[in-house]
Structure formats: structure tokens, C-alpha cells
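Here the structure comes first, spelled out in C-alpha cells, and everything after it is commentary.
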Amino acid sequence: MILNLLAVGDVVSDDGLNYLSKHLRQVKRLHDVHFTVVNGENASGVGILPRQAQDIFDAGADVITLGNHTWNRIQIADFLDENQYILRPANYTSRVPGRGWGVFEGPRGIRIGVMNLIGRCEMDSNFDNPFTVADRILKEGGADISVLDFHAEATSEKGAMGYYLDGRVQAVWGTHTHVPTADTQILPKGTGFVTDLGMTGPVRSVLGIRPEQSINRFLGGLPQRYESAGGECKLESVLFSIDTDTKRCVAVERVDIRG
């Protein structure tokens, strides 16, 4: 069968969460989506609370992935242990709650492996090597198809990961930088790839926050608690169509809405 998997870019603030709640199910119906992965690490601006995670599930997510802001809202710790459908990066080196990958049941009993990894370029260096961690996860097996949310800063690291896993997983997408990229493609051995999904949140913003706050930071002003920019919102995502018989991605397309 052709499995349509939707990957949704970082949800930013309650504004982004509300927009997701209003529009995600409609997007899924329109594109005949079978499985949905949403990055939610910025639902609180930085971090995510248990009630926000539950709201993302209620909006239509099958799995939630996180990133470098996982621990900015420490209230999520117990939720990560209790709920197998929310993932934090698998390559944290310290002993932390939760899990970084899982195998989930899709349509017709298809086992969908979802990995969450974090990059090391321009990030905290206290992470295991995401490339070798991906190797270890894939050796454990148990999935019919596998996909990866690679939460990373450097486009080079994301691209390298895509080619490294080409033919071994069916989709690799980047998150974290909140800016959608136009390089949707199928790599030579059949892996669908995009450098960054983008974000779900305020349109007139700098990565979802009030522009004046970002300007203040670059001018050397005093630190401020980030606030949502509010106003018109958008949802940015990518649809991966995967042939579950050949284990190859057959189509990759952006699905972006606003207003």
C-alpha cells in the first residue's frame, strides 16, 4: 500500500497549538493521511507542558517529537515516562526520562518506527553521535518502515544524515530552525528528505516570537521571557508517500497553510 505520513513543523506557543487544533484534521482528510508526527518542543515557547502534549494528541497527532528544549518545562518528565507516543531525542548522553524512538501500529498492522535525534553542530556537545545512535536503533529492528525527525541547526548535518540513512529508512526530515525549505526530494536509494519542515505558529514573527524581542537580543539588551507574536498563524508540514511493499518513498511534497 501507499502510506501517507505527514510530518508537522515545530508548534510554537499556544497560538500555534490552537491553529494546529483547528486545522490539522482537515489537512489530514484532504491529503488522505494515515499517520502524523508533530514536533511539539516549542509549545510553551521553549519546552512543552503535559496539557499541551495532550492537546497536540487531541488535534490529531499520532506521535510527538521534541528537541533541545525538552527540559525547559521539567513538568514533562513524568509524562515522557508514562506515554510511549511522545519522544525526546534518543542521543541524550545522561540518564533522562522517556524514550527516543518507538514502533507504532499503522494501517493494516504496518509497524512504523519513529526516531527522534538531535544534532551536535552549534548545539550542546553533550549528546551522543546521532549517526551511530541511528545505527544502533535500526539494528534493533521491529519496524516495517522507519522515519526520523532530526532536530538540528546545521543544514549540512541534516543533509549528511539524509544521505547516511538513504535506503535504510523511508523518510528523514529536519526540525529546529523553523524556516521551511524547498528541497523536498527522494534520495537515490529511496529515502524521502527535506532539510526543515518549518513551524506552526505566528506568521509575523521571528521563529514564532515577537520580532522586537529577537531584535533586542541581537542589540545586546537584557534577556526577556519570549512571548508569542500572536496574529495570523500558519501550519507548515511535509507529506511523505511511502510504498510499504518496496520500502521506498515515492513522493514528497510540502503542505503549508495560513490564515
Can you confirm whether [X] sits close enough to [Y] that some side-chain heavy atom of one is under 4.5 Å from a side-chain heavy atom of the other?
X      : Y      : answer
Leu3   : Pro107 : yes
Leu207 : Val179 : yes
Asp243 : Lys247 : no
Thr195 : Trp173 : no
Asp15  : Glu232 : no
Phe57  : Val38  : no
Pro188 : Tyr163 : yes

[atom1]/[X] to [atom2]/[Y] distance, rounded to the nearest 0.5 angstrom?
X      : Y      : atom1 : atom2 : value
Phe193 : Ile186 : CZ    : CD1   : 13.5 Å
Asn42  : Ser228 : CG    : OG    : 11.0 Å
Leu80  : Leu87  : CG    : CG    : 9.0 Å
Lys22  : Cys233 : NZ    : SG    : 8.5 Å
Leu197 : Thr175 : CG    : OG1   : 6.5 Å
Asn4   : Leu239 : CG    : CG    : 5.0 Å

**Report entry** Axial cation check for Tyr164 ring with Arg168, 6.0 Å and 45° limits
**Finding:**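 The answer is yes, since Arg168 meets both limits relative to Tyr164.
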Query raised in the report: When you look at Arg248 and Ile242, which way does the side chain to side chain contact (heavy atoms under 4.5 Å, CB included) test go after all the steps?
Result: CA-CA 6 Å; Arg248 296 176 68 94; Ile242 298 165; over 6 Å; no
Query raised in the report: In terms of side-chain geometry, is the basic nitrogen of Asp144 or Arg111 positioned less than 4.0 Å from the acidic oxygen of its partner?
Result: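 Arg111 and Asp144: salt-bridged.
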Query - Short N-O contact, Arg225 and Glu227, less than 4.0 angstrom - result: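 No salt bridge links Arg225 with Glu227.
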Report task. List the steps, then state whether side chain to side chain contact (heavy atoms under 4.5 Å, CB included) holds for Asp149 with Val114. Result -> CA-CA 8 Å; Asp149 176 344; Val114 181; 5.9 Å; no
Got more than 12 heavy atoms from elsewhere within 6.0 Å of [atom1], [X]?
X      : atom1 : answer
Arg210 : CZ    : yes
Arg204 : CZ    : no
Glu122 : CD    : no

Will you find, in the side chains of [X] and [Y], an N or O donor that is under 3.5 Å from an N or O acceptor?
X      : Y      : answer
Gln52  : Asp14  : yes
Asn68  : His151 : yes
Asp196 : Thr181 : no
Asp58  : Gln54  : yes
Asn129 : Asn91  : no

Can you hop from [X] to [Y] via hydrophobic side chains spaced under 4.5 Å?
X      : Y      : value
Trp71  : Leu117 : no
Phe131 : Leu138 : yes
Phe35  : Met115 : no
Ile145 : Tyr85  : yes

Taking [X] for the side chain and [Y] for the main chain, is one N or O donor matched with an acceptor at less than 3.5 Å?
X      : Y      : answer
Glu105 : Ile110 : no
Lys158 : Ala152 : yes
Thr191 : Gly167 : yes

If every non-hydrogen atom of [X] is compared with every non-hydrogen atom of [Y], which pair is closest and at what distance?
X      : Y      : result
Arg217 : Tyr226 : NH1-OH, 3.1 Å
Thr200 : Glu236 : OG1-N, 3.9 Å
Ser214 : Val206 : OG-CG1, 3.4 Å
Leu49  : Ser44  : CG-OG, 3.5 Å
Val194 : Thr184 : CG2-CG2, 3.9 Å
Gly119 : Phe150 : N-CE1, 3.6 Å

Query raised in the report: Given Tyr19 and Ile257, is the side chain to side chain contact (heavy atoms under 4.5 Å, CB included) satisfied, shown in steps?
Result: CA-CA 10 Å; Tyr19 194 77; Ile257 62 171; 3.9 Å; yes
Query raised in the report: Is there a side chain to side chain contact (heavy atoms under 4.5 Å, CB included) between Leu5 and Val33 once you walk through the steps?
Result: CA-CA 6 Å; Leu5 185 150; Val33 172; over 6 Å; no
Query raised in the report: Which of these, Ile48, Val46, Asp10, sits in a side chain to side chain contact (heavy atoms under 4.5 Å, CB included) with His69?
Result: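 The side chain to side chain contact (heavy atoms under 4.5 Å, CB included) with His69 is passed solely by Val46 among Ile48, Val46, Asp10.
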Query - Sole candidate of Asn39, Ile64, Ile86 that passes side chain to side chain contact (heavy atoms under 4.5 Å, CB included) when paired with Ile56 - result: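 Of the listed residues Asn39, Ile64, Ile86, the side chain to side chain contact (heavy atoms under 4.5 Å, CB included) partner of Ile56 is Ile64.
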Report task. Evaluate side-chain hydrogen bond (donor to acceptor under 3.5 Å, both in side chains) for Thr65 paired with Asn116, printing each intermediate quantity in order. Result -> CA-CA 6 Å; Thr65 51; Asn116 190 190; 4.9 Å; no
